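Counting convention: from 1, in listed order, for ligands and their atoms alike. The structure displayed is predicted, hence computed values, not measured ones.
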Amino acid sequence: MSKLAWYSHEICFWHDPGPGSGYLPVGPGIEPLRQHAVDPDLRRAEGLVRLAGVLDHYTRVTPAPATDDDLLLVHVPEHLARVEAASALGAGDAGVYAYVNHHSAEAARVAAGACVQATTAVLDGRFDRAYCLVRPPGHHAEPDRAMALCLYNNVAIAARAAQRHGVRRVLVLDWDVHHGNGIQRTFYADPDVLYVSIHQEGLFPPASGLVTETGTGAGAGRTLNVPLPAGSGHEAYLAALSRLVAPAARTFRPELILVAAGVDASGHDPMGRMMCTSRTFHAMTVGMCALADELTDGRIVFVHEGGYSAWYQPTLVLAIAAAIAGLPAPPDPFLHSLEHLPGQRLRPQQSRVVEHLEAHHPMLARGGRSR
Ligand SMILES: [Zn+2]
């Protein structure tokens, strides 16, 4: 029986990029409505997990804010100062499309702190698996700049904190629909962190997350990008997991697995064009927990990232939470709207990406198969 921890904090629900529409703030042609990343939506997700009885399987932990030492594992001091100053003004952009309110700097510190503390607790054996329901998200944040809603790079900081705590090899899987350029940049030359990203080809950032980006120097081969074409769904994601992530992980032999578990690759998300359902996220979570049981003594930490469908995000978080707890896929009232669509099947153009990486990526290509 796994010991499970659930890290969340009220302040993370108080971060809000402010009035706007879609992902843009109020400006020419933009009437005030609400931006997608409104974090009270995350409180609704936690509410559904509680109502379904799934939260009863977890020990609830209220995280403390990350210290400067934690944040400086990845970021430069000037970056911390910029985030704090923008938030102190109560509004504005802390970087590139990284809008903040009065609570954002504290929320971002707590989000990063949750990930550091969850990772440390799992490494110490206090828990086997942890889930961090945090905002703002992190995977676009680079060492020296906030980007696309992300202020501090929660997962990258957690990976560095794990190394500070004594483990060497960390596998980071990022299944957010966007490419995690900030995580990639942090570890691009690091041989001890294998960064795998499954994302929508060419979505965001532009020209980021190509199959040809595989690491540099000592980190050569330690970045594995899986840019699936728009319209990819259940079978394409599970093929990427079983045919790319799992074999690469077995070659790499991590001591800890971190998952940047955004839910914006769903078929109802306004920020991506993918087709995943709650069943996809449940199955991927089950697969990653099994991989952790096989390779890392069960040690795995899931961290929330993107997710912009106000109505579907709670169901997706519930599916991940249930899978971590070893429970079957929960009821999904929206499943009927997605599961019959042709995008759920593995299509040739999706298969080709998987086959290309199987044949050519340094962590996968072997013997006569590499050309
Ligand atoms: Zn995203």
Selection residues 88-107 - residue pairs positive for ring pair (Phe, Tyr, Trp, His ring centres under 6.0 Å), sequence neighbours left out: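 Those involving residues 88-107 are Trp14-His103.
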
Heavy-atom neighbours of Arg168 CZ exceed 12 at 6.0 Å: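 Atom CZ in Arg168 is not packed in, count stays at 12 or less.
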
Salt bridge (charged side-chain N to carboxylate O under 4.0 Å, His left out) between Glu78 and Arg82, intermediate numbers included: CA-CA 6 Å; Glu78 296 75 22; Arg82 265 194 300 274; over 6 Å; no

Plane angle bin for His140 and Phe204 - parallel if under 30°, tilted between 30 and 60°, otherwise perpendicular: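 Rings of Phe204 and His140: perpendicular, over 60°.
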
Heteroatom of His178 nearest to the Zn ion (ligand 1) (N, O or S, atom name):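 Among the N, O or S atoms of His178, the one closest to the Zn ion (ligand 1) is ND1.
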
Metal-centred angle, the Zn ion (ligand 1) as apex - OD2 of Asp264, OD2 of Asp176, 10° resolution: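 Vertex at the Zn ion (ligand 1): approximately 80°.
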
N/O/S atom of His139 inside 2.8 Å of the Zn ion (ligand 1), strictly under: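 No, since none of the N, O or S atoms of His139 sits under 2.8 Å from the Zn ion (ligand 1).
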
